[in-house]
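Structure first, commentary second.
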Amino acid sequence: MTPIRVSATAVEAFRLFMQPDNEWMTLEALELQILGRSPVSDAMRIGTAFGQIIEHGGDRYRQGSLFVCNGVQFLGDGMQAAIDTYDRRGLFEVKGTQLYGDVLVVAKADHLIGRHLTETKTTLNAFDFDKYAASVQWKLMADIFDQGRVTYKVALLNEFAPMTYEVRELVPFNLYPYDALHEDCETIVAQFREFAVARGLD
C-alpha cells in the first residue's frame, strides 16, 4: 500500500483549521496547503529568506549594510546577531520521515546538533509563546528526529521599508518531549488521515 505523504506543517495547518475559534483559514486554503499548492505569501518569502541567510552564514548575502536574499532585505546588525546564535558544527535543513499507520509524515529540521533541534520562525506580530507551544509541528519533529530538546528561535521583525526588515529581537525558548508525545502525534495524524480521505485528498 502506498502511504499518504504529508508534511508536518500541513498537519499543523489541519490542527489549526479544526480549532473551534478558527476564523483565519478556509477549507480551500487548507486543502491547497495539504496538496502543496499554496500561493507564496509575503510572510513565506520573508521566512524563507531569513532561513537561507541563517543557513549559509550570511556572507554570500551581504550587500553593504544589508543582507539580501530573493528580494527580501534585512538590516545588518540585527541579522548578524541572529546568525551568530547558530552553532556552525550542526547541520541545516535536515529531512526526516516517519510512518504513522499508513501516513508518512515528512519534516525538515532547520538546524540539528546532537539531540538538539532548532526551529527558526519570523513574525511581524507580537511574540506569542502559546501559539508555538500548542503547535503539533514541534511535537512531530521531536518524535521523528528523536530529539531531547526543541528550541524555537523567533525573530521579531519591524518593517523598515518595503520588503526591508529590522530584526529587533530574537526570542529563544525550549520545548521538551513528554511521555505521551508519540501517542499524541499518532492521534492527530489519524485525525488528519480521516479528513484527507473524506475530502479525497489521499
Side-chain angles (χ1 to χ4, degrees), residues 7-17 19 21-22 24-25 33 38 40-58 61 66-70 72-88 90-96 107-145 147-161 163-178 181 185 188:
S7 69
T9 54
V11 178
E12 168 60 8
F14 164 74
R15 186 194 69 83
L16 289 170
F17 178 80
Q19 297 303 299
D21 60 346
N22 171 41
W24 60 87
M25 182 179 294
Q33 181 155 353
S38 296
V40 178
S41 65
D42 283 347
M44 292 168 64
R45 286 182 61 201
I46 295 165
T48 299
F50 187 89
Q52 287 185 11
I53 295 170
I54 291 290
E55 177 183 358
H56 296 291
Y61 299 108
L66 298 172
F67 292 90
V68 183
C69 179
N70 297 331
V72 184
Q73 302 183 122
F74 299 93
L75 301 186
D77 290 346
M79 189 71 232
Q80 186 62 58
I83 292 168
D84 291 343
T85 67
Y86 289 78
D87 190 330
R88 293 291 142 186
L91 300 174
F92 289 87
E93 297 295 310
V94 181
K95 183 186 286 187
K108 186 177 286 186
D110 290 337
H111 183 260
L112 277 179
I113 183 165
R115 295 189 67 233
H116 180 199
L117 184 153
T118 298
E119 179 71 3
T120 306
K121 299 291 186 183
T122 57
T123 183
L124 288 163
N125 300 318
F127 173 69
D128 182 355
F129 170 82
D130 292 337
K131 178 180 77 170
Y132 300 105
S135 171
V136 74
Q137 185 181 6
W138 79 265
K139 298 174 185 178
L140 287 166
M141 290 195 300
D143 197 37
I144 291 169
F145 291 100
Q147 293 300 290
R149 173 171 47 135
V150 175
T151 297
Y152 272 84
K153 292 184 178 180
V154 182
L156 309 184
L157 306 179
N158 286 332
E159 188 169 30
F160 186 76
M163 297 310 288
T164 302
Y165 302 92
E166 173 189 29
V167 183
R168 58 185 170 87
E169 188 176 1
L170 189 71
V171 181
F173 62 92
N174 297 319
L175 297 166
Y176 296 92
Y178 52 91
L181 182 140
C185 290
I188 188 66

So does [Y] get a backbone contact from the side chain of [X], meaning a donor-acceptor N/O pair under 3.5 Å?
X: Trp138; Y: Ala133; value: yes
X: Thr48; Y: Arg45; value: no
X: Gln147; Y: Phe145; value: yes
X: Glu169; Y: Leu156; value: no
X: Lys108; Y: Phe92; value: no

For [X], which residues count as a side chain to side chain donor-acceptor pair (under 3.5 Å) partner, sequence neighbours excluded?
X: Asp84; answer: Gln80
X: Asp87; answer: Arg89
X: Gln137; answer: Glu119, Lys121
X: Tyr86; answer: Thr120

Does CG in Asn22 sit with more than 12 non-hydrogen atoms of other residues, nucleotides or ligands closer than 6.0 Å?
->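 Atom CG in Asn22 is packed in, count exceeds 12.
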For the residue pair [X] and [Y], establish whether any side-chain heavy-atom pair is separated by less than 4.5 Å.
X: Phe127; Y: Phe173; value: yes
X: Ile188; Y: Val11; value: yes
X: Tyr132; Y: Thr123; value: yes
X: Tyr165; Y: Leu124; value: yes
X: Leu16; Y: Trp24; value: yes

Rounded distance [0.5 Å steps], [atom1] in [X] versus [atom2] in [Y]:
X: Gln52; Y: Asn70; atom1: CD; atom2: CG; result: 5.0 Å
X: Arg149; Y: Asn174; atom1: CZ; atom2: CG; result: 5.0 Å
X: Phe160; Y: Arg168; atom1: CZ; atom2: CZ; result: 15.0 Å
X: Tyr61; Y: Ile83; atom1: OH; atom2: CD1; result: 10.5 Å
X: Ile46; Y: Leu157; atom1: CD1; atom2: CG; result: 7.0 Å
X: Lys95; Y: Ser7; atom1: NZ; atom2: OG; result: 11.0 Å

Pair Phe74 and Phe67, ring centroids less than 6.0 Å apart =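 They do not qualify: ring centres at least 6.0 Å apart.
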Using every non-hydrogen atom in the two residues, find where [X] and [Y] come nearest and quote the distance to one decimal.
X: Ala142; Y: Leu181; value: CB-CD1, 4.3 Å
X: Arg88; Y: Gly57; value: NH1-N, 3.5 Å
X: Thr122; Y: Gly47; value: OG1-CA, 3.4 Å
X: Ala8; Y: Ala107; value: CB-CB, 4.1 Å
X: Gly96; Y: Ile144; value: C-CG2, 3.7 Å

Would you please test Asp110 and Thr118 for side chain to side chain donor-acceptor pair (under 3.5 Å) and show each step?
-> CA-CA 6 Å; Asp110 290 337; Thr118 298; over 6 Å; no
Report the C-alpha distance between Thr85 and Lys153 in whole Å, list the side-chain angles of each, state the deciding distance to 0.1 Å, and finish with yes or no for side chain to side chain contact (heavy atoms under 4.5 Å, CB included).
-> CA-CA 9 Å; Thr85 67; Lys153 292 184 178 180; 3.1 Å; yes
Got a sec, which residues hit side chain to side chain contact (heavy atoms under 4.5 Å, CB included) with Glu166, two or more places apart in sequence or on another chain?
->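 Scan of Glu166 (side chain to side chain contact (heavy atoms under 4.5 Å, CB included), adjacent residues dropped) gives Leu75, Asn158.
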Just jot down the side chain to side chain contact (heavy atoms under 4.5 Å, CB included) partners of Gln73, sequence neighbours excluded, or say none.
->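 Listed in chain order: Leu66, Val68, Thr164.
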Apply side chain to side chain contact (heavy atoms under 4.5 Å, CB included) to Gln33 and Thr9, showing your working.
-> CA-CA 9 Å; Gln33 181 155 353; Thr9 54; 4.3 Å; yes
Go through the steps to decide whether Phe50 and Val167 satisfy the test side chain to side chain contact (heavy atoms under 4.5 Å, CB included), and finish with yes or no.
-> CA-CA 10 Å; Phe50 187 89; Val167 183; 3.9 Å; yes
Would you please test Val150 and Tyr176 for side chain to side chain contact (heavy atoms under 4.5 Å, CB included) and show each step?
-> CA-CA 6 Å; Val150 175; Tyr176 296 92; over 6 Å; no
